[in-house]
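Below is one structure, written out as structure tokens, with a few remarks after it.
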There are 2 protein chains.
Amino acid sequence: MDIKSRLWIEKDGKPFIGYGRIKLLKEVDKTASISAAAKALKMSYKKAWNLLNDIETLATQPVLVKNIGGKNGGGTQVTDYGKSLIVQFETLNENCINFLENEYKKLEL
Amino acid sequence: MDIKSRLWIEKDGKPFIGYGRIKLLKEVDKTASISAAAKALKMSYKKAWNLLNDIETLATQPVLVKNIGGKNGGGTQVTDYGKSLIVQFETLNENCINFLENEYKKLEL
DNA sequence: ATTCGTTATGTTTGATAGGATATAACGCTT
DNA sequence: AAGCGTTATATCCTATCAAACATAACGAAT
């Protein structure tokens with residue numbers, strides 16, 4: 001028996017960032033490529049693109065810098081703002097898990 | 001922009017109780033009927049029955065007392081243990097929401 | 001000019017969860 | 001004995017979401 005949680009942040013009732021999207025954003029930051037990130041996470045390029053596009057359209061600041069064509073076909077960089085989203089969400093998530101783990105001990109199930 | 005969360009408790013990697021199941025359990029307690037609860041929550045009887053069945057098979061103590069036939073065709077009562085699951089989960093959930101609401105204020109998104 | 005790997009986007013196919021439907025057993029009420 | 005509304009369960013159908021496939025634009029390198 002263990003406790004699980006998922007948290008996310010919405011904007012206008014639509015999901016902005018959550019567990020999956022941050023994981024993807026992290027992988028893009030690591031690989032500097034949407035297609036490589038998608039492959040690493042075993043999701044289709046299209047799905048990855050859609051998720052990232054959703055983030056970008058809801059964000060008030062640029063999250064990604066994309067290049068089409070050129071050396072190695074192009075690539076994608078995560079902006080400082082995008083990186084701050086990653087860090088903030090991850091610490092929030094960890095804090096939540098710790099909180100719940102502690103609360104969970106008090107229960108009798 | 002607001003923060004959302006979903007939490008649930010697993011047993012053997014399978015979902016035991018969570019937001020939807022507790023909501024259903026509450027409605028069964030209120031109506032003393034699986035079919036009435038399903039109708040109130042606009043879900044099919046089958047889905048409701050399956051969810052409740054999942055809870056029961058994972059629980060170590062009885063959660064429901066069911067009667068087939070008889071006055072009004074039968075009905076279902078939630079045991080004291082079942083009620084304790086409801087109360088414990090709901091307070092846990094509320095505590096989590098409060099915690100997150102507070103943490104959320106600290107973020108810059 | 002051609003090739004290459006990327007971003008970008010539309011269309012078609014497929015899987016699967018849920019809804020709808022059907023049927024039976026049960027026991028109180030009439 | 002018949003009827004009613006419940007629990008219980010199997011089967012079929014469908015709506016939705018994701019995967020798969022296809023195609024184009026782009027720009028550096030060769």
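Each chain gets a letter, A, B and so on, in the order its sequence line appears, and its residues count up from 1. All values below were derived from every heavy atom in this structure, side-chain atoms included, with hydrogens, water molecules and symmetry-related copies excluded.
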For this session: Look at the side-chain N and O atoms of Ser35(A) and state whether any lies under 4.0 Å from the OP1 or OP2 oxygen of dG5(C).
Result: no
For this session: Calculate the interatomic distance between Leu41(B) atom CG and dG19(C) atom C1'; express it in whole Å.
Result: 16 Å
For this session: Locate the shortest heavy-atom distance separating Ala37(A) from Thr31(A); write the atom from each residue and the value.
Result: N-OG1, 3.7 Å
Exercise. Taking Glu27(A) for the side chain and Leu41(A) for the main chain, is one N or O donor matched with an acceptor at less than 3.5 Å?
Worked result: no
Exercise. For Ile34(A) and dT9(C), what is the distance between atoms CD1 and P respectively, to the nearest whole Å?
Worked result: 11 Å
Exercise. Lys66(B) NZ to dA25(C) C1': how many Å, rounded?
Worked result: 15 Å
For this session: Between dT7(D), dT6(C), dG18(C), spot the one nearest the side chain of Lys47(B), thanks.
Result: dG18(C)
Problem set entry | Whole angstrom value for the distance that separates C1' of dT9(C) from CG of Leu52(A) | 15 Å
Problem set entry | Polar side-chain contact Lys46(A)-dG10(C) base: donor and acceptor under 3.5 Å | yes
Problem set entry | Tyr45(B), nearest nucleotide to its side chain (from dA20(D), dT7(D), dA10(D)) | dT7(D)
Problem set entry | Integer-rounded Å distance: dC26(D) P and Asn67(A) CG | 14 Å
Exercise. From dG10(C), dG19(C), dC28(C), pick the nucleotide closest to the side chain of Lys71(B)?
Worked result: dC28(C)
Problem set entry | For atom CH2 of Trp49(A) and atom P of dG5(C), their distance in whole Å | 23 Å
Exercise. Toward the 5' end of DNA chain D, which comes first, Ser44(A) or Ile68(A), by nearest nucleotide?
Worked result: Ser44(A)
Problem set entry | From CA spacing to verdict: side-chain contact (heavy atoms from CB on, under 4.5 Å), Leu109(B), Leu85(A) | CA-CA 7 Å; Leu109(B) 305 176; Leu85(A) 289 180; 3.7 Å; yes
Problem set entry | Atom-to-atom span, CG of Asn50(A) to C1' of dA20(D) - whole angstrom | 14 Å
Exercise. Between Thr76(A) and dT7(C), does any side-chain N or O lie under 4.0 Å from OP1 or OP2?
Worked result: yes
Seminar exercise, completed: note: Lys39(A), atom NZ; dT7(C), atom C1'; distance rounded to Å ~ 14 Å
For this session: Decide yes or no on side-chain contact (heavy atoms from CB on, under 4.5 Å) for Lys66(A) and Glu56(A), but give the supporting numbers first.
Result: CA-CA 12 Å; Lys66(A) 304 170 184 179; Glu56(A) 286 181 292; 3.0 Å; yes
Exercise. Closer to the 5' end of DNA chain D via nearest nucleotide, is it Asn72(B) or Gly70(A)?
Worked result: Asn72(B)
Problem set entry | side-chain contact (heavy atoms from CB on, under 4.5 Å) between Ser33(B) and Thr76(B), intermediate numbers included | CA-CA 5 Å; Ser33(B) 158; Thr76(B) 299; over 6 Å; no
